[in-house]
Structures are given as C-alpha cells and as structure tokens.
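Step one of this worksheet: look at the structure below.
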Amino acid sequence: MDIRAIFFDAAGTLLRVNGSVGETYARLAREHGKAVSVRDLEAGFRRCFATAPPMAFPGAEADQIPRLEKAWWHDVVRQVFAPLGPFPGFEAYFNALYDFFAEPQAWQLYPEARRTLANLHARGYRLGVISNFDARLFDVLDGLDIGHFFDPIVASTRAGAAKPEPAIFQKALAECELQPQEALHIGDSYELDIVGARNAGLTPVLVERSGRQQSTADCRVVRRLDELLTVLESL
Ligand SMILES: [Mg+2]
C-alpha cells in the first residue's frame with residue numbers, strides 16, 4: 001500500500017530548544033533570584049522528564065486540560081529544583097518558564113525542516129504532527145511558520161494518550177481516514193516514535209542526527225529530514 005501521510009514528532013525531529021533547556025532554566029532562575037548551574041539543570045531536567053508520567057489525561061474533561069497540562073510541567077520543574085536548595089520565587093519562576101516555552105523564539109527549526117515539509121507537501125503527501133506535548137505546540141508551530149503544513153496536529157494532552165501508545169497514532173490516522181499501512185511516522189526517540197508507530201502498524205523512521213544508531217537500529221534511519229524523500233522512493 002502506498003504511503004499517503006507522513007507524521008512527524010516535534011521536539012528533536014522538526015525543532016529543538018534554542019540554546020539548551022539548562023541554559024533557559026538557569027537564565028530565568030537567575031532573574032527570579034536563584035543561581036543554579038546550567039549543568040545541574042540540564043541533568044535534572046533530563047532525569048525528571050524521563051521519569052515523568054505520560055503527558056496525557058485520559059478521561060479528563062476538555063475544560064480541565066489546560067490546568068492539567070500546566071500542573072504536569074509544574075511537577076517536573078519542581079522535581080528538577082527539589083535537590084537544589086530553597087527557591088522562594090519558584091511559583092513566579094515557573095509561570096515565566098511556562099510562558100517562555102510557548103513563544104516561538106524559545107525554539108528553532110532544524111535547518112532542513114521547512115524545505116523538506118514544502119517538498120513533501122508539493123508531492124501530495126498529507127502531513128501531520130504526533131507529539132507528546134501540550135497545547136503550546138500549536139502556537140509554536142504557527143510561530144515558526146510550519147503549522148500550515150499540518151493536518152492533523154495531535155498533541156498527547158488533547159488526545160488522551162501519549163506515544164508509544166497506539167491510541168495516539170490511531171487518532172491521527174482516524175483524522176486522515178487512512179489505514180496504518182498508508183502512513184509513515186518519523187521521530188528521534190526509538191522507544192516513543194519507532195516502537196509506538198510500529199505497534200500501531202505505521203512505517204517507522206528514526207531520525208538520528210548524530211548517526212550513532214545508524215547501523216544498530218532495526219528500522220530505517222535518516223540523519224536529516226530531507227533524506228525522507230529517498231526513503232519514500234525505496235518503499
Ligand atoms: Mg522527540
């Protein structure tokens with residue numbers, strides 16, 4: 001069956017944080033009266049983000065979701081700072097941090113991303129995003145001028161399921177009225193994107209920009225998004 005839709009993971013695949021998470025956390029913390037090293041924050045963020053519960057709220061009422069999204073991040077950031085001593089300005093800091101990452105300036109596209117999307121769009125592929133993220137994603141994609149390429153944009157907090165659960169992939173497929181065999185999903189996380197997409201029946205592609213997993217992965221691997229064009233010709 002021919003591939004008709006291509007779904008993209010967002011962070012680490014289409015875009016990344018401008019600078020680094022640790023730098024941003026540290027800069028805003030300093031502005032709120034707390035000096036912490038970039039390295040401690042970067043390490044703390046990685047640890048707490050990796051062990052956080054799935055960013056999804058199955059069964060939640062729609063009007064509760066914005067509060068749940070922010071509370072999810074509040075827990076993560078609180079845990080990042082927990083071992084780093086008193087932080088009286090934490091609540092104001094957290095609000096500033098949450099707002100900051102809703103701004104497109106907090107993010108940058110990978111250099112080939114927009115060009116590749118335009119190319120795939122021109123070839124008639126339906127493009128979508130499947131992301132374990134909250135509703136700030138919609139504004140960020142628009143702000144980076146790529147939101148218009150995608151239909152649907154599926155954020156885990158609004159889908160009631162997070163990758164690698166098949167349900168989030170099924171939701172994207174349902175919105176396109178396509179079968180799993182008609183869709184490809186590309187992402188930078190083997191556990192979330194590759195395992196998830198494969199279990200849902202989609203063709204998975206790993207984007208591995210360092211090239212490290214090039215030879216060991218049991219799926220198609222690209223180093224840059226524009227290599228997708230070659231992958232699509234080979235399917
Ligand atoms: Mg990712």
Side-chain angles (χ1 to χ4, degrees), residues 5-22 24-25 42-43 45-56 69 72-73 76-77 80 101-102 104 106-114 116-117 120 127-141 143-144 146-147 149-150 152-159 161-169 171-172 183-200 202-214 216-228 231:
I6 302 169
F7 300 133
F8 293 80
D9 166 54
T13 299
L14 292 167
L15 48 91
R16 63 184 163 198
V17 171
N18 239 334
S20 73
V21 171
T24 304
Y25 274 45
E42 189 75 39
F45 175 78
R46 285 180 192 282
R47 186 185 65 248
C48 297
F49 188 75
T51 55
M55 203 191 303
E69 289 175 326
W72 190 96
W73 281 103
V76 170
V77 180
V80 171
F101 282 110
W107 303 89
Q108 62 176 286
L109 288 178
Y110 287 104
E112 79 285 9
R114 192 182 289 113
T116 304
L117 293 170
L120 294 168
L127 307 179
V129 171
I130 302 177
S131 173
N132 287 0
F133 210 71
D134 55 75
R136 291 175 296 174
L137 176 67
F138 309 122
D139 288 340
V140 168
L141 294 175
L144 294 169
I146 58 168
F149 286 120
F150 302 117
I153 297 171
V154 181
S156 61
T157 58
R158 308 296 169 119
K163 295 180 288 186
E165 288 180 69
I168 190 169
F169 295 95
K171 180 164 170 53
L184 179 155
H185 176 77
I186 180 166
D188 70 310
S189 164
Y190 186 84
E191 290 75 24
L192 302 179
D193 295 302
I194 302 306
V195 174
R198 182 179 285 148
N199 286 342
L202 291 77
T203 298
V205 177
L206 183 69
V207 59
E208 169 52 82
R209 292 176 186 276
S210 71
R212 250 173 296 150
Q213 295 182 51
Q214 203 96 29
T216 55
D218 58 357
C219 61
R220 288 183 180 80
V221 183
V222 296
R223 292 193 68 158
R224 295 163 19 140
L225 297 176
D226 47 8
E227 294 171 23
L228 260 182
V231 170

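The figures here come from the full heavy-atom set of this structure, side chains too, leaving out hydrogens, waters and symmetry mates. Both counts, for ligands and for their atoms, begin at 1 and track the order of listing.
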Would one find an N, O or S atom of D193, in either backbone or side chain, under 2.8 Å from the Mg ion (ligand 1)?
->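 No, outside the cut-off.
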Using a cut-off of strictly less than 2.8 Å, determine whether G187 has an N/O/S atom near the Mg ion (ligand 1).
->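 No, since none of the N, O or S atoms of G187 sits under 2.8 Å from the Mg ion (ligand 1).
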Name whichever N, O or S atom of D9 ends up nearest to the Mg ion (ligand 1).
-> OD2
Among the N/O/S atoms of D188, the Mg ion (ligand 1) lies closest to OD1
Does T116 offer a backbone N or O that forms a donor-acceptor pair with the side chain of D226 under 3.5 Å?
-> no
Does any N or O in the side chain of W72 come within less than 3.5 Å of the main-chain N or O of A56, such that one atom is a donor and the other an acceptor?
-> no
Flag this pair as yes if the NZ/CZ of R136 is under 6.0 angstrom from the six-membered ring centre of W73 and inside a 45 degree cone about the axis; otherwise no.
-> yes
Please determine if R209 forms a cation-pi arrangement with Y110, meaning its NZ or CZ atom is less than 6.0 Å from the six-membered ring centre and no more than 45° off the ring axis.
-> yes
